[in-house]
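Written below as structure tokens is the structure these notes are about.
Chain A is the first sequence line, chain B the second, and so forth, proteins listed ahead of strands; every chain is numbered from 1.
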Amino acid sequence: NAGVTQTPKFRILKIGQSMTLQCTQDMNHNYMYWYRQDPGMGLKLIYYSVGAGITDKGEVPNGYNVSRSTTEDFPLRLELAAPSQTSVYFCASRRTSGGARNEQFFGPGTRLTVL
Amino acid sequence: ELKVEQNPLFLSMQEGKNYTIYCNYSTTSDRLYWYRQDPGKSLESLFVLLSNGAVKQEGRLMASLDTKARLSTPHITAAVHDLSATYFCAVDSNYGGSQGNLIFGKGTKLSVKP
């Protein structure tokens, strides 16, 4: 299993540009998450999904959109990039239920700079 | 609102000595997770603590959970260089549920010096 994969690894955007961060998992997990990590901070939840066709806002959703058309893919869209969106973005997934651990598995991250 | 605090934020350790770091959280939860992050890397799961009194060990790191005090305290025994990393504590924000949304602390950055 590749686990959780993210593309691209790095990206520089100009203010006002748009882009989509890709996330794919091959573990057949129903739950998927997008986080951002700012320097010296923990992770903040942007959006999450509990299954194909179902998404919901997290703590910091403004400026982002998501879709979940398949179990495997959970892309994150930035429509009008702003310098405040400069961050490292992590995608994560989790088994639906069952078992005790319930941990999230993280992708390698996308480092985004908006200039 | 659930808040997660970690102390200290930075810890410079000497090889061979013992240390303790702390994670406390503000509202009831039945699950606490510890993750390790190396510089420029992703997060790696270390421990999942599910109940009061739970104790888990990973190498020189041993973590416990006190749900009454809302506190987890990983102990580091005889620090070695490969422990250098940032350690994040995360708490399940839906007590008794299965949502799995995690609230993260700011992390404790450990640096081990010879």
Hey, is the main chain of A:Thr71 close enough, under 3.5 Å, to the side chain of A:Gln25 for a donor-acceptor pair? yes

May I ask you to decide if the ring planes of A:Trp34 and A:Phe74 are parallel, tilted or perpendicular, using 30° and 60° as cut-offs? tilted

Region of A:Gln6 in contact with chain B, defined by heavy-atom distances below 4.5 Å: neither

Whether the side chain of B:Thr108 engages the backbone of B:Pro8 through a donor-acceptor N/O pair (distance < 3.5 Å, no angle test) should be reported. yes

Contact class of A:Leu43 relative to chain B, heavy atoms under 4.5 angstrom: both

Between B:Gln6 and chain A, with a heavy-atom cut-off of 4.5 Å, which part of the residue counts as in contact: side chain, backbone, both or neither? neither

Answer with yes or no after comparing the ring centroid distance for A:Tyr35 and A:Phe106 against a 6.0 Å cut-off, counting only values under it. yes

